[in-house]
Enquirer: 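Shown below is the structure under consideration.
The structure presented is a predicted model; accordingly, all values stated were derived computationally and were not measured.
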Amino acid sequence: MTKLTIFRPCSLRKIRFYPLQAAQLRAICSKTEQHIFGNFGYRIRGEKAAALSYSLLFVKAEKAVAVCKKTPNPMTSYPKIQIRLEFHYQSTEYDFPVTDVDFLRRYDENLGLLENAEAFLWASNTEIGIINLVAGILAI
């Protein structure tokens with residue numbers, strides 16, 4: 001499965017604005033996958049990822065909560081801070097690092113962004129070898 005593609009940013013253009021509605025997003029969410037990439041964690045082994053026929057999954061996250069986690073940073077005396085999304089999908093609890101820059105900006109401006117909102121996310125597997133699962137998040 002080919003994942004890396006190079007394109008010119010100026011070749012992309014917006015055709016029209018389409019307002020997002022939760023009912024339409026629910027209709028296109030994956031309902032067949034029991035686990036995200038057949039896995040319980042946020043990393044899967046390269047050989048398992050290579051066997052997948054897809055690298056992108058759109059799901060509705062239940063009980064989504066953004067959490068700020070601090071870990072020691074050996075390069076500085078300051079801790080490494082990472083926003084992660086804890087959520088349930090098909091009765092399994094997940095904890096993914098958030099890489100969606102737009103969501104991080106909006107969350108920084110409004111820490112209650114996910115309260116009383118339906119959260120939808122794109123789970124993507126990237127890299128070769130150990131595969132990270134990352135999320136793009138829509139809060140409707």
Side-chain angles (χ1 to χ4, degrees):
M1 143 180 27
T2 303
K3 296 180 191 176
L4 301 176
T5 303
I6 297 174
F7 62 92
R8 292 187 180 115
C10 61
S11 69
L12 301 176
R13 62 187 170 102
K14 181 169 95 175
I15 296 171
R16 74 176 70 106
F17 175 77
Y18 191 80
L20 298 175
Q21 296 176 359
Q24 293 164 326
L25 293 174
R26 279 193 297 277
I28 63 171
C29 285
S30 175
K31 296 168 185 66
T32 59
E33 298 301 321
Q34 191 62 29
H35 304 290
I36 295 178
F37 301 116
N39 191 20
F40 298 100
Y42 78 97
R43 289 179 183 254
I44 57 177
R45 296 194 181 279
E47 61 272 8
K48 200 169 184 185
L52 294 171
S53 61
Y54 59 95
S55 63
L56 187 66
L57 189 63
F58 187 65
V59 300
K60 180 171 185 318
E62 301 290 339
K63 302 177 185 174
V65 178
V67 177
C68 179
K69 295 198 175 177
K70 296 179 183 180
T71 57
N73 185 343
M75 306 299 274
T76 70
S77 59
Y78 300 103
K80 177 183 172 188
I81 298 173
Q82 184 182 54
I83 302 296
R84 299 181 69 88
L85 187 72
E86 294 177 351
F87 65 97
H88 288 83
Y89 172 71
Q90 301 282 38
S91 302
T92 299
E93 187 174 331
Y94 291 91
D95 177 357
F96 284 5
V98 175
T99 59
D100 181 340
V101 176
D102 183 56
F103 174 81
L104 292 171
R105 180 190 51 76
R106 290 182 295 124
Y107 180 71
D108 187 49
E109 294 168 357
N110 175 11
L111 296 179
L113 181 64
L114 292 173
E115 291 175 15
N116 302 315
E118 288 191 62
F120 298 89
L121 63 89
W122 288 274
S124 167
N125 63 14
T126 60
E127 297 180 17
I128 296 173
I130 303 270
I131 307 299
N132 292 320
L133 302 177
V134 296
I137 304 163
L138 297 172
I140 305 291

Enquirer: Looking at OG1 of T99 and CG of L85, how far apart are the two atoms once the value is rounded to the nearest 0.5 Å?
Expert: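 That separation rounds to 11.0 Å.
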Enquirer: Only counting residues at least two apart or in another chain, list the ones meeting ring pair (Phe, Tyr, Trp, His ring centres under 6.0 Å) with Y89.
Expert: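 By the ring pair (Phe, Tyr, Trp, His ring centres under 6.0 Å) rule, Y89 matches no residue at all.
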Enquirer: Can you list the residues that meet the side chain to side chain contact (heavy atoms under 4.5 Å, CB included) rule with T71, with sequence neighbours excluded?
Expert: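 T71: side chain to side chain contact (heavy atoms under 4.5 Å, CB included) contacts with K80.
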Enquirer: Taking all atoms of both residues into account, what is the closest heavy-atom pair of A64 and F87, and its distance?
Expert: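 Scanning both residues completely, I find the closest heavy atoms to be CA-CB, 4.0 Å.
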Enquirer: Using the test salt bridge (charged side-chain N to carboxylate O under 4.0 Å, His left out), find all partners of K69 that sit at least two apart in sequence or belong to another chain.
Expert: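 Expected list: E86, D95.
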Enquirer: Can you sort out the partners of T76 under side chain to side chain contact (heavy atoms under 4.5 Å, CB included), two or more places apart, ordered by chain and number?
Expert: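 With neighbours one apart ignored, the set is N73, Y78.
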Enquirer: CD of Q90 to OG1 of T32: how many Å apart, nearest 0.5 Å?
Expert: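 Answer for the CD-OG1 pair, Q90 versus T32, is 8.5 Å.
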Enquirer: Any salt bridge (charged side-chain N to carboxylate O under 4.0 Å, His left out) pairs touching residues 13-25, not counting sequence neighbours?
Expert: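 Non-adjacent pairs meeting salt bridge (charged side-chain N to carboxylate O under 4.0 Å, His left out): zero.
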Enquirer: Roughly how far, to the nearest 0.5 Å, is the CZ atom of F103 from the CG atom of L114?
Expert: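 The CG atom of L114 sits 4.0 Å away from the CZ atom of F103.
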Enquirer: Going by side chain to side chain contact (heavy atoms under 4.5 Å, CB included), name the residues that satisfy it together with A22, two or more places apart in sequence or in a different chain.
Expert: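 Checked A22 against side chain to side chain contact (heavy atoms under 4.5 Å, CB included); matches are R26, E118, F120, I140.
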Enquirer: Remaining members of V67's ILVMFWY cluster at a side-chain heavy-atom cut-off under 4.5 Å?
Expert: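 V67 clusters with V65.
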Enquirer: What residues, two or more places apart in sequence or in another chain, satisfy side chain to side chain donor-acceptor pair (under 3.5 Å) together with D102?
Expert: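 With neighbours one apart ignored, the set is R105, R106.
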Enquirer: Using the side chain to side chain contact (heavy atoms under 4.5 Å, CB included) criterion, which residues pair with I83? Sequence neighbours excluded.
Expert: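 Checked I83 against side chain to side chain contact (heavy atoms under 4.5 Å, CB included); matches are A66, C68, V98, L104, Y107.
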Enquirer: My understanding is that only residues two or more places apart in sequence, or in another chain, count here; which of them pass side chain to side chain donor-acceptor pair (under 3.5 Å) with Q82?
Expert: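 Partners of Q82 under the side chain to side chain donor-acceptor pair (under 3.5 Å) test: R84.
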Enquirer: Please write out which residues are connected to F17 in a hydrophobic cluster, directly or through intermediates, given that two of Ile, Leu, Val, Met, Phe, Trp, Tyr count as joined at side-chain heavy-atom separations below 4.5 angstrom.
Expert: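 ILVMFWY cluster around F17 holds nothing else.
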Enquirer: Count the heavy atoms of every other residue, nucleotide or ligand shown that sit under 6.0 Å from NZ of K70, and state whether that count exceeds 12.
Expert: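 No.
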